[in-house]
Amino acid sequence: MVDVILGLQWGDEGKGKIVDFFAKDYDLVARFQGGPNAGHTLYVNDKKVVLHQIPSGVFHEGIINLIGNGVVLDPVTLKRECDTVASFGIDLRKNLFIAERTHLILPTHRALDKAAELSKGQQKIGSTLKGIGPAYMDKTGRNGLRVGDLLDKNFTTSYIKLRLKHQRLLDNYNFQEDISQWEEEFFEAVEFLKQLNIVNGEYFINSNLKAGKKILAEGAQGSMLDIDFGTFPFVTSSNTISAGVCSGLGIAPGHIRDVIGVTKAYCTRVGGGPFPTELENETGEELRKIGNEFGATTGRPRRCGWIDLVALNFACMINGVTKLVMTKADVLDAFKELQLCTDYKINGKQTREIPFQMERQKPEPVYKQFAGWNTATDAAKTYAKLPATMKEYVNFINSYLGVNIQYISNGPGRDQLVKVG
Ligand code: GDP
Ligand code: IMO
Ligand code: MG
């Protein structure tokens, strides 16, 4: 049986914290897409840790963590992260497994990401510059190198061949930076990676399923950043939605039980692209300040706005969401009034559908106003202790989406999660 936890907005919904919380109920936690563009924040013994490549189940004794074939892996980030995790006394030789079909991010992928972004000028995606797009391009372009290739004696030759190809592209971009330092780090990290458990991911996970193990698939990014269904071209390069679980791990759809969608009580986005409910004013500033909305991977300030139910409804539909978790409810504590976007107005016409080209069609949000609870909620341990106005807010979202919020997160801490009901 496989349950999925994924983000329903533009990323940073708090997936890491939620996966860490639920991980204890599972035998195996697996990442199925994305790469070091992800930044998942957890608190372990009150210490903040940001994971980019390693699944968020890693801090639980006895749980297996798998980096699936759908992920793109940067050995340098992985090595750095393994060092951090090891400093907590976690033995990664025992609990981290990497699928051999996982594609590698090479130093030249990072350079190409940077060069491509620079060439876009005003139209840039706002990529994290971790090499994600170029690595996935080499995957679909059938050029990429995979983790399994590292064990081949001809790896260096294949690497040099691909590097040459990349160099020609970089020359076209007139990219002049010296990346020899990155390459040095890369080859050092590759040696480290070769010491880890490299497995045939699809047999590994299916034998675990056969043995009755419970698996949790951890999404990265968010549904609105999905390569097919997000706000293209301002998206990432993988399928972030539940469909990505099957191709990103090698499991059949029938194994999936719950799809747990995570949403903030408001909304954020980092990088370029449309964001209908964005607040480019004092309220937006306040959300950023109270919510500490700065990117976990790049440190960039996140754009902030009200919750967008049109986009959330779309995300629930595409993912087949069966349960909801609402995070950062405490961030709204200070607000006297709250707004929920229930409809878009496009060319004077009201709709509840996501348009083909949000950037061009510029939907105007139509809001329903709510009274804020205007009281501190971060200490609440039970649903009964939460204010009635917050419950109204939650109930409205439930009935709009036709899926229920089952947990409310009211702080970044591991224990700040209230079960509804
Ligand atoms: P992810 O990428 O979805 O895992 O989310 P990030 O870790 O990038 O961003 C979520 C941020 O919000 C992190 O700094 C978390 O520590 C923090 N966070 C998570 N849940 C809550 C919550 O309920 N309340 C508050 N105030 N912070 C939270
Ligand atoms: P987590 O897993 C928020 C955004 C980038 C950019 C676009 C493309 O922490 O939620 P990419 O580096 O993939 O080429 O960038 O996607 N982005 C994220 N935004 N959270 C993330 O991950 C993100 N990963 C990528 O800011 O707009
Ligand atoms: Mg994040």
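Quick note: residue numbers are just sequence positions, from 1. Computed from a predicted structure; not experimentally measured.
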Looking at [X], I want to see if its [atom1] is surrounded by more than 12 non-hydrogen atoms of other residues, nucleotides or ligands under 6.0 Å.
X      : atom1 : result
Lys381 : NZ    : yes
Tyr203 : OH    : no
Arg288 : CZ    : yes
Asn281 : CG    : yes
Asn347 : CG    : no
Lys194 : NZ    : yes

Nearest heavy-atom pair of [X] and [Y]: which atoms, and what distance?
X      : Y      : result
Leu332 : Trp306 : CD2-CZ3, 4.5 Å
Glu117 : Ile125 : OE1-N, 2.9 Å
Val418 : Ala380 : CG2-O, 3.5 Å

(request) Name all pairs fulfilling the side chain to side chain donor-acceptor pair (under 3.5 Å) condition that reach into residues 55-64, sequence neighbours left out, sorted by first residue then second. (result)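 Residue pairs passing side chain to side chain donor-acceptor pair (under 3.5 Å), neighbours aside: Asp20-His60, Ser56-Glu218.
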(request) Using the side chain to side chain donor-acceptor pair (under 3.5 Å) rule, collect all pairs that involve residues 352-368, keeping only residues at least two apart or in two chains. (result)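 Applying side chain to side chain donor-acceptor pair (under 3.5 Å) to every pair that reaches into residues 352-368, excluding sequence neighbours, yields Asp343-Arg352.
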(request) Could you label the plane-to-plane angle of the Tyr159 and Phe186 rings as parallel, tilted or perpendicular, counting under 30° as parallel and over 60° as perpendicular? (result)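 Parallel.
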(request) Would you mind telling me which of Glu285, Glu293, Glu278 makes a salt bridge (charged side-chain N to carboxylate O under 4.0 Å, His left out) with Arg302? (result)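 Of the listed residues Glu285, Glu293, Glu278, the salt bridge (charged side-chain N to carboxylate O under 4.0 Å, His left out) partner of Arg302 is Glu293.
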(message) I'd like to check the ring pair (Phe, Tyr, Trp, His ring centres under 6.0 Å) partners of Phe88; sequence neighbours left out, ordered by chain and number.
(response)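 Applying ring pair (Phe, Tyr, Trp, His ring centres under 6.0 Å) to Phe88 gives Phe59.
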(message) Distance to the ring centre below 6.0 angstrom and angle to the axis at most 45 degrees; does that hold for Lys24 and Phe21?
(response)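 Positive - Lys24 is close enough to the ring of Phe21 and near enough to its axis.
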(message) With a 4.5 Å cut-off on side-chain heavy atoms, are Leu170 and Leu112 touching?
(response)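 Contact flag for Leu112/Leu170 side chains = yes.
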(request) To the nearest 0.5 angstrom, please state how far the NZ atom of Lys15 sits from the CD1 atom of Ile260. (result)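 Between atom NZ of Lys15 and atom CD1 of Ile260 there are 14.0 Å.
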(request) Hey, could you give me the CZ/CG distance between Phe97 and Leu196, rounded to the nearest 0.5 Å? (result)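 Phe97 atom CZ to Leu196 atom CG measures 10.0 Å (nearest 0.5 Å).
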(request) Would you please test Phe335 and Tyr266 for ring pair (Phe, Tyr, Trp, His ring centres under 6.0 Å) and show each step? (result) CA-CA 12 Å; Phe335 293 82; Tyr266 50 99; 8.1 Å; no
(request) Would you check, one step at a time, whether the test salt bridge (Lys or Arg N to Asp or Glu O under 4.0 Å) holds for Lys214 with Asp27? (result) CA-CA 5 Å; Lys214 292 170 80 183; Asp27 302 297; over 6 Å; no
